[in-house]
There are 2 protein chains.
Amino acid sequence: MDQRDKLDQARERVIESIAQNMDLYSVTSSVGRLYGTMFFENGPMTLDEMKEKLHMSKTSMSTGVRSLMELQMVEKVWKKGERKDLYKTNDDWYKTFSDFFCIRWRKGIELNQKALNDSIAELREAMEGNDLDDEEKQSVEADLEKMQYAMEYYTWLNKVVDLFESGEIFDIVEKP
Amino acid sequence: MDQRDKLDQARERVIESIAQNMDLYSVTSSVGRLYGTMFFENGPMTLDEMKEKLHMSKTSMSTGVRSLMELQMVEKVWKKGERKDLYKTNDDWYKTFSDFFCIRWRKGIELNQKALNDSIAELREAMEGNDLDDEEKQSVEADLEKMQYAMEYYTWLNKVVDLFESGEIFDIVEKP
DNA sequence: CAGTTTATACAGAAAAAACTGTACGCATTA
DNA sequence: TAATGCGTACAGTTTTTTCTGTATAAACTG
């Protein structure tokens with residue numbers, strides 16, 4: 001094998017590994033491959049360059065870049081005299097991980113807490129009225145207990161997310 | 001509206017919210033709904049009961065339960081005299097979250113580290129041989145720097161995962 | 001042991017997601 | 001202003017995933 005091919009292969013191995021594991025960020029391996037490719041490119045890339053490298057449609061590159069921008073993994077770059085949009089990877093992986101973790105879980109927590117709050121209130125109200133028979137009361141009591149457990153759990157999880165959002169996690173586990 | 005309906009609705013709201021957010025655990029909302037239903041059931045359930053409640057095929061219940069068991073969210077229960085398999089939710093959400101977080105990220109880290117190790121070794125070897133022109137050397141140098149950054153990041157992330165795996169996280173953020 | 005009953009493997013249908021090519025709006029250039 | 005070039009909306013196609021019904025093997029019952 002040619003020396004040049006060997007170097008390319010070493011790079012491609014890493015790109016492919018990143019691609020295969022990008023499902024951790026809920027994107028397809030195609031989008032992951034796009035990220036990996038941009039990561040190893042020495043400068044910002046245009047959509048046409050991406051399309052060229054990955055042998056995919058420009059539309060896919062466009063939507064792929066949008067996904068990566070939402071994840072804050074890629075950002076748009078301005079360069080005077082250049083008509084095409086340029087994109088580069090955001091190379092702070094620590095921040096990318098934290099942001100993703102926070103956004104993802106915070107959203108889930110919030111929605112579930114909202115539903116729990118509403119339902120807990122309704123059940124408590126029903127308990128206070130006197131139109132439940134014993135069996136119903138017992139069932140509502142059981143539901144309330146479960147919902148309260150869930151609320152406590154989300155309170156805890158929220159604090160875990162705070163750890164990452166505040167950057168406190170970097171005091172606990174220091175960057176190399 | 002009937003009082004009974006209102007109580008059911010309160011429960012259903014929470015189940016549906018859980019279902020919608022179970023994509024955090026990479027399962028479909030159908031599987032999430034199954035989990036929610038089992039969570040609020042007072043005892044263990046059979047596949048037929050699930051099928052009945054969710055109006056879905058028994059096959060789906062079977063595969064759904066398997067998914068939830070892999071996530072350690074559900075476990076099989078033995079009861080003498082009962083021919084059908086019984087399943088109940090594992091109600092330690094703190095552990096479920098930690099386990100999922102660890103398994104998920106540990107796997108990604110490991111695979112990426114493996115690829116990085118191989119490629120870093122190859123590139124270093126290439127640098128030591130004397131058959132690279134200046135341009136190539138520069139390119140390899142740039143790749144190596146990126147790969148080393150990635151390795152450092154994964155080392156850090158591994159330590160974060162350790163925090164959850166060891167349970168140390170519960171000293172930092174205490175359970176309510 | 002024959003007759004049920006249970007869970008699941010498997011194949012196919014239905015639904016969802018990913019991807020492509022065309023068309024169009026907007027911006028820049030001449 | 002006309003002409004060119006860019007990114008993306010959109011519709012249609014392909015691929016993947018989810019879901020169902022049937023068939024079957026294993027386990028239980030009498």
Side-chain angles (χ1 to χ4, degrees), chain A residues 15-16 18-38 41 43-71 73-89 104, chain B residues 15-16 18-38 41 43-71 73-88:
Chain A
I15 292 176
E16 197 54 32
I18 289 172
Q20 293 309 322
N21 289 295
M22 280 284 270
D23 63 325
L24 288 167
Y25 289 93
S26 299
V27 295
T28 62
S29 57
S30 292
V31 175
R33 208 165 293 115
L34 175 59
Y35 177 81
T37 304
M38 292 175 76
E41 191 74 10
M45 291 181 86
T46 65
L47 292 178
D48 285 311
E49 285 168 348
M50 299 173 200
K51 166 188 144 141
E52 187 70 22
K53 273 237 157 128
L54 297 173
H55 303 106
M56 287 181 74
S57 71
K58 198 170 175 180
T59 302
S60 289
M61 299 302 96
S62 180
T63 55
V65 163
R66 282 166 87 88
S67 306
L68 291 170
M69 291 215 298
E70 264 173 45
L71 287 167
M73 288 181 177
V74 155
E75 54 196 35
K76 203 179 252 192
V77 164
W78 287 104
K79 190 181 155 189
K80 63 178 177 184
E82 177 59 70
R83 293 195 48 185
K84 302 187 182 186
D85 291 356
L86 289 167
Y87 301 94
K88 71 180 269 297
T89 50
R104 207 93 202 302
Chain B
I15 292 176
E16 197 53 33
I18 289 173
Q20 293 310 322
N21 289 295
M22 280 285 271
D23 62 326
L24 289 165
Y25 289 92
S26 299
V27 296
T28 61
S29 57
S30 293
V31 175
R33 210 166 291 116
L34 175 58
Y35 176 81
T37 303
M38 291 176 74
E41 192 75 10
M45 291 181 87
T46 66
L47 293 177
D48 286 311
E49 286 168 348
M50 299 173 200
K51 167 189 146 141
E52 187 69 23
K53 272 239 158 128
L54 297 172
H55 304 107
M56 287 181 73
S57 72
K58 197 170 176 182
T59 303
S60 289
M61 298 303 94
S62 180
T63 55
V65 163
R66 283 166 86 88
S67 306
L68 291 170
M69 290 214 300
E70 265 174 43
L71 287 167
M73 288 180 179
V74 156
E75 54 197 35
K76 203 179 253 193
V77 165
W78 288 104
K79 190 181 157 190
K80 63 179 177 184
E82 176 60 68
R83 291 191 51 182
K84 302 187 182 185
D85 291 357
L86 289 167
Y87 301 94
K88 71 181 268 298

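Order of the sequence lines fixes the chain letters, A, B, ..., with proteins taken first and strands second; residue numbering starts at 1 for each chain. Since the model is a prediction, treat every value here as computed from it, not as a measurement.
- Backbone-only engagement by Thr28(B) is indicated by non-hydrogen atom pairs under 4.0 Å involving sugar-phosphate atoms exclusively.
- In Glu75(B), the CD atom is crowded: over 12 heavy atoms of neighbouring residues, nucleotides or ligands sit closer than 6.0 Å.
- Applying the ring pair (Phe, Tyr, Trp, His ring centres under 6.0 Å) test to Tyr87(A) and every residue at least two apart in sequence or in another chain returns nothing.
- In this structure, the separation between CZ on Arg83(A) and OG1 on Thr46(A) is 13.0 Å, given to the nearest 0.5 Å.
- Glu41(B) contributes atom CD, which lies 13.0 Å from atom NZ of Lys88(B) (distance to the nearest 0.5 angstrom).
- Rounded to an integer number of Å, the gap from Leu34(B) CG to dT18(D) P is 14 Å.
- When each of Gly81(A) and Met56(A) is assigned the nucleotide of DNA chain C with its nearest heavy atom, Met56(A) is the one assigned upstream, toward the 5' end.
- Scored by the side chain to side chain contact (heavy atoms under 4.5 Å, CB included) test, Glu82(A) finds Lys79(A), Lys84(A), Leu86(A) as partners (sequence neighbours excluded).
- Annotation: side chain of Glu52(A) is not in contact with side chain of Asp48(A) (no heavy-atom distance under 4.5 Å).
- From Lys51(B), atom NZ reaches atom CG of Leu47(B) across 10.5 Å, with rounding to the nearest 0.5 Å.
- Annotation: the terminal axes of the helix from dC1(C)-dG30(D) to dA30(C)-dT1(D) meet at 20°, where each axis is the rotation carrying the C1' atoms of four end pairs onto the next four (5 pairs per end, rounded to 10°).
- Glu49(A) has its side chain out of reach of Lys53(A): every pair of non-hydrogen atoms, C-beta onward, lies at least 4.5 Å apart.
- In the 5' to 3' direction, nucleotides of DNA chain C lying under 4.0 Å from heavy atoms of chain B begin and end at dT5(C) to dC10(C).
- Ser30(A) comes within contact range of the sugar-phosphate backbone alone, with a heavy-atom separation under 4.0 Å but no base atom that close.
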For residues 60-69 of chain A, dump all side-chain donor-acceptor pairs below 3.5 Å to protein atoms at least two apart in sequence or in another chain.
unit_1: Ser60(A); atom_1: OG; unit_2: Ser57(A); atom_2: OG; d: 3.1
unit_1: Thr63(A); atom_1: OG1; unit_2: Thr59(A); atom_2: O; d: 3.3
unit_1: Thr63(A); atom_1: OG1; unit_2: Ser60(A); atom_2: O; d: 3.1
unit_1: Ser67(A); atom_1: OG; unit_2: Thr63(A); atom_2: O; d: 3.1

Are there any protein N/O atoms within less than 3.5 Å of an N/O atom in nucleotides 3-7 of chain D, and if so, which ones and at what distance?
unit_1: dG7(D); atom_1: OP1; unit_2: Asp85(A); atom_2: N; d: 2.9
unit_1: dG7(D); atom_1: OP2; unit_2: Lys58(A); atom_2: NZ; d: 3.0

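- Looking at heavy atoms from C-beta onward, Thr89(A) lies out of side-chain contact with Met73(A) at the 4.5 angstrom threshold.
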